[in-house]
Peer 1: 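Sharing a structure below in structure tokens format, with a few things to ask.
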There are 2 protein chains.
Amino acid sequence: MYELIDKYKETLIKDIGKKRYEHCVRVMETAKKMAGAYGVNEQKALVAGLLHDCGRYIDEKLLLQKSKQYNILSSNSFENSKELLHANLGAYLAKHKYGIDDEDILNAIKYHTTGRENMSNLEKIIFLADYIEPNRVFEGVKEIRELCYEDLDIAMLKSLTNNILHIINNNRYLDIRTARARNYFLTKNIDLQY
Amino acid sequence: MYELIDKYKETLIKDIGKKRYEHCVRVMETAKKMAGAYGVNEQKALVAGLLHDCGRYIDEKLLLQKSKQYNILSSNSFENSKELLHANLGAYLAKHKYGIDDEDILNAIKYHTTGRENMSNLEKIIFLADYIEPNRVFEGVKEIRELCYEDLDIAMLKSLTNNILHIINNNRYLDIRTARARNYFLTKNIDLQY
């Protein structure tokens, strides 16, 4: 864990700032615990947790400039908010700047904000660790923290539901991957028959 | 208007029951008023309003059987709820049983439950007339009724927002067309620039 921090700390702080870097360390630690609980590769959880926000440039102009440079801007300008963009940019940087080749780690970074259908356990863990790391404070956080160690899918459903309600209530653009992910976790364990 | 009722009343009552038929008449009347307010063809609004629920068989087994027969069942069983299915079935029946050829009327029936991106004014009117017809009672209905005569797009945004909140809060499957439609009306009049 400390080796990993030594390796990436300086670059991360330079790009995303000290506060965001410290958040990444907390997500890394939370992800490691969850990985242990579910038999997921802990080293992958550490790397994905530490790098999940590596695309969240503290300089927002830089975030946009890099996204243009690497051709990851969407033609739909509402998909280019910093919330949605930094995850795609992060996956790109993790691969090309930090040298990560593992597809599961790259996907965990790419989908940590929106979620998606058919998420791997590592993807769920990074999404949830980001949501419940120790400094997060919101109504119901305690319940979701507990759920994260009981059932990943139910924790995902609950978190996505909260996210969607927050987005809709605040008149914000809803990424369709999030709507699909929530349907996926809602219906995953239900067997409807006609 | 009465000619239209004479033509379809008997079949509608047989298929969807008297109560649902009376709802259709109220939607038809509401749609006519809204069409007048926005310069939309009133005759089309009358036909689409009266027939919008023609696929909502009072016998749910029949709804499913007809949907199978006409190949409009989805491979995703959660899209085969009676709420989602009856609109697709309705558009099919409007064409093949009631002899309606007008694509705009057929689309207004098809998308009256979910909405969609790039809706025509007739589609918006049928969606909204269904939502606010005089017998509808829900918190905020008065505000939406007024909005329906002020700005169709804002009324659509408000109605879709309410629908999504209702669906999410009740742990129901969210049709992706509804999520896309809400994004569409949210972002339609905003010009983001980078």
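Throughout, a chain's letter reflects where its sequence line sits, starting with A, and its residues are numbered from 1.
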Peer 1: Please round to the nearest 0.5 Å and tell me the distance separating atom CD of B/Glu79 and atom OG1 of A/Thr187.
Peer 2: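 Answer for the CD-OG1 pair, B/Glu79 versus A/Thr187, is 9.5 Å.
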
Peer 1: Which heavy atom of B/Leu174 sits nearest to which heavy atom of A/Asn183, and what is that distance?
Peer 2: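 So the two residues come closest at O-ND2, 2.6 Å.
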
Peer 1: For the CD atom on A/Glu139, are there more than 12 heavy atoms of other groups (residues, nucleotides or ligands in this structure) within a distance under 6.0 Å?
Peer 2: no

Peer 1: Assess whether atom CD of B/Glu3 is packed by more than 12 heavy atoms of other residues, nucleotides or ligands within 6.0 Å.
Peer 2: no

Peer 1: Just wondering, are more than 12 heavy atoms of other shown residues or ligands nearer than 6.0 Å to NZ in B/Lys9?
Peer 2: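 Count not over threshold, so no.
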
Peer 1: Tell me whether B/Lys124 at atom NZ has more than 12 heavy atoms from other residues, nucleotides or ligands lying less than 6.0 Å away.
Peer 2: yes

Peer 1: Quick check on B/Arg182 against chain A: is it the side chain, the backbone, both or neither that has a heavy atom closer than 4.5 Å?
Peer 2: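 Looking at B/Arg182, just its side chain touches chain A.
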
Peer 1: Looking at A/Glu10, I want to see if its CD is surrounded by more than 12 non-hydrogen atoms of other residues, nucleotides or ligands under 6.0 Å.
Peer 2: no

Peer 1: Taking the side chain as every heavy atom from C-beta outward, state whether A/Asn169 and B/Leu165 have any atom pair closer than 4.5 Å.
Peer 2: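 In contact.
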
Peer 1: Using a cut-off of under 4.5 Å on heavy-atom pairs, state which of B/Asn171, B/Leu157, B/Ile164 scores highest against chain A.
Peer 2: B/Asn171

